[in-house]
Amino acid sequence: MPRKIFTGARIFDGERFHDEKALIVTNGRVEAIVSCNGLPEGETISLAGGVLSAGFVDAQVNGGGGRMLNDEPSAASMYIIADGHRRFGTTALLPTLITDTADATAAAIEAAKDAVKTNRGVAGLHLEGPHLAPARKGAHLAELMRPVEDKDVKAFIRAREAIGTLLVTMAAEQVTVAQVRELSEAGIIVSIGHSDCSSEAAEERFDAGVRGVTHLFNAMSQMGHRAPGLVGAAIDHPSTWCGIIADGHHVDPKVLRTALRAKRGQGKLFFVTDAMSLVGSEKDSFMLNGRTVRREKGGFCSKLVLSDGTLAGSDVDMASTIRYGVTYLDLTLAEALRMATLYPARFLRLDGYGHLSPGARADLVHLTDAIEVTATWIDGEAA
């Protein structure tokens with residue numbers, strides 16, 4: 001690949017901004033950020049202002065482009081979902097299978113094994129269920145939920161070895177401390193979610209290797225002054241990462257602002273979209289496990305609900321989440337960008353993603369000053 005030189009935009013490297021600089025990309029990797037004086041030879045890509053950043057990383061994407069992973073757990077579905085989100089700046093994501101049958105889970109694992117070998121934005125797999133708590137089922141089917149068995153542990157370990165990045169959301173009630181330790185030591189990213197556990201049960205699993213909490217505040221035991229619950233444990237534990245859905249519907253902005261101020265452990269809150277199939281689609285409804293999910297317009301963005309009003313994932317994209325963070329959560333643009341790039345990449349242990357240091361992947365997004373996406377690149381190639 002020829003050397004490419006990106007000029008004309010502020011460059012955000014994952015930590016800080018560089019003004020009046022150029023980004024040099026060679027063979028799909030970041031070479032350097034340099035002065036615009038005396039640039040080397042190469043293909044120049046002139047950008048009309050705005051910000052050039054590492055592409056967004058999303059750890060929880062149920063669907064996009066009109067397709068849910070549960071509809072058809074295949075590599076083709078994963079590519080459709082990734083393509084649907086790329087127009088909104090996401091260049092790496094984990095397709096997410098919500099609670100389903102054993103056959104669907106096995107199919108998603110096989111699909112991810114193939115999808116991660118291509119360069120089309122699929123960075124791994126997220127299995128959100130079936131090891132969740134019926135008491136906090138949300139839009140998931142309670143009848144499919146069950147405890148983790150030894151055969152599941154072995155299957156997850158084999159899947160992680162083949163896929164590379166495997167994130168599994170489990171309720172604390174459905175997985176033992178010993179199982180958490182075995183999964184974590186095998187390189188699986190274990191997250192607690194859809195759980196009605198006590199803070200003590202959560203902390204035991206954090207200390208055994210649980211790395212994160214799935215969509216903080218949603219579908220979990222809340223924080224009380226004598227019963228901190230999963231929310232209180234997650235905010236207080238310094239090494240625990242927490243994904244948050246910032247769409248104006250899942251969590252009140254006052255609560256998110258409080259969590260951002262209170263979370264122990266610097267940079268441990270990051271954005272996820274929890275997006276469903278309607279992102280990147282003109283449809284107004286879709287089917288989820290035989291139930292209709294409809295789009296209700298209003299607010300910062302539309303919301304997705306079941307017939308009984310239960311929230312069923314989100315209708316938000318990552319660029320919109322960044323705008324929400326800057327507008328409603330008192331975040332600087334730099335911190336909002338980190339929450340969509342550097343922090344989720346660190347949570348997922350994706351080396352070379354989420355920043356523009358020398359040697360990093362040249363997965364890029366160009367944003368206007370209004371945080372609207374104009375273009376993306378994967379490995380330095382227009383995507």
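Side-chain contact annotation: Ser184 with Arg181, donor-acceptor N/O pair under 3.5 Å absent. No side-chain donor-acceptor contact under 3.5 Å links Ser277 and Arg67. Donor-acceptor pairing under 3.5 Å is recorded for the side chains of Thr26 and Glu31. Ser314 and Asp247 share no side-chain donor-acceptor pair at under 3.5 Å. With hydrogens and angles left out, the side-chain atoms of His249 and Glu296 include no donor and acceptor closer than 3.5 Å. Between the side chains of Ser195 and Glu173, at least one donor-acceptor pair of N or O atoms lies under 3.5 Å. Side-chain contact of Asn70 with Asn62: a donor-acceptor pair under 3.5 Å is absent, judged by distance alone. Inspection of the His194 and Asn218 side chains reveals no N or O donor paired with an N or O acceptor under 3.5 Å. No side-chain donor from either of Tyr343 and Gln266 sits under 3.5 Å from a side-chain acceptor of the other. A donor atom on one side chain and an acceptor atom on the other are not found under 3.5 Å apart for Asp58 and His85. Remark: the Thr292 side chain and the Ser285 side chain contain no N/O donor-acceptor pair separated by less than 3.5 Å.
Between the CG atom of Leu125 and the OG1 atom of Thr165 there is a distance of 10.0 Å, given to the nearest 0.5 Å. Here the straight-line distance linking atom SG of Cys242 with atom CG of Leu269 works out to 5.5 Å at 0.5 Å rounding. In this structure, CZ on Arg10 lies 14.0 Å from CG on Leu47, to the nearest 0.5 angstrom. Here Arg158 contributes atom CZ and Lys154 contributes atom NZ; the two are 8.5 Å apart, rounded to the nearest 0.5 Å. To the nearest 0.5 angstrom, Asp83 atom CG is 12.0 Å from Thr90 atom OG1. Taken from SG in Cys197 to CE in Met220, the straight-line distance is 8.5 Å, to the nearest 0.5 Å.
Using cut-offs of 30° and 60° on the angle between ring planes, the pair Phe17 and Phe12 is tilted.
Glu15 meets the side-chain hydrogen bond (donor to acceptor under 3.5 Å, both in side chains) test with Arg346; sequence neighbours excluded. Scored by the side-chain hydrogen bond (donor to acceptor under 3.5 Å, both in side chains) test, Asp308 finds Thr310 as partners (sequence neighbours excluded).
Side-chain atoms of Arg295 do not come within 3.5 Å of backbone N or O of Leu304 as any donor-acceptor pair. Remark: the backbone N or O of Gly380 is paired with a side-chain donor or acceptor of Lys4 at under 3.5 angstrom. Panel note: side chain Lys263, backbone Ala234; a donor-acceptor pair is recorded below 3.5 Å. For the pair Thr105 (side chain) and Thr101 (backbone), a donor-acceptor distance under 3.5 Å is present. Between the Arg211 side chain and the Trp241 main chain, no donor and acceptor come within less than 3.5 Å of each other. Listed for the Arg257 side chain is a donor-acceptor partner under 3.5 Å among the backbone atoms of Tyr328. Without hydrogens or angle criteria, Ser357 side chain to Ala360 main chain gives no donor-acceptor distance under 3.5 Å. Proximity of a side-chain donor or acceptor of Gln179 to a complementary backbone N or O of Val148 within less than 3.5 Å is detected. Between the side chain of Arg29 and the backbone N or O of Val25 there is no donor-acceptor pair closer than 3.5 Å. Remark: side-chain polar atoms of Thr96 are paired, donor with acceptor, to backbone N or O of Leu94 under 3.5 angstrom.
When the side chains of ILVMFWY residues are joined at heavy-atom separations under 4.5 Å, either directly or via intervening members, Met339 and Phe300 end up in a single hydrophobic cluster.
Around the CD atom of Glu149, the shell of radius 6.0 Å holds more than 12 heavy atoms that belong to other residues, nucleotides or ligands. Applying the 6.0 Å contact sphere to NZ of Lys137 captures no more than 12 heavy atoms from other residues, nucleotides or ligands.
The shortest side-chain heavy-atom distance between Val365 and Thr91 does not fall under the 4.5 Å cut-off. Inter-residue side-chain proximity for Asp13 and His18 is flagged as met; some heavy-atom pair is nearer than 4.5 Å.
Closest heavy-atom contact between Val316 and Ala246: CG2-O, 4.4 Å.
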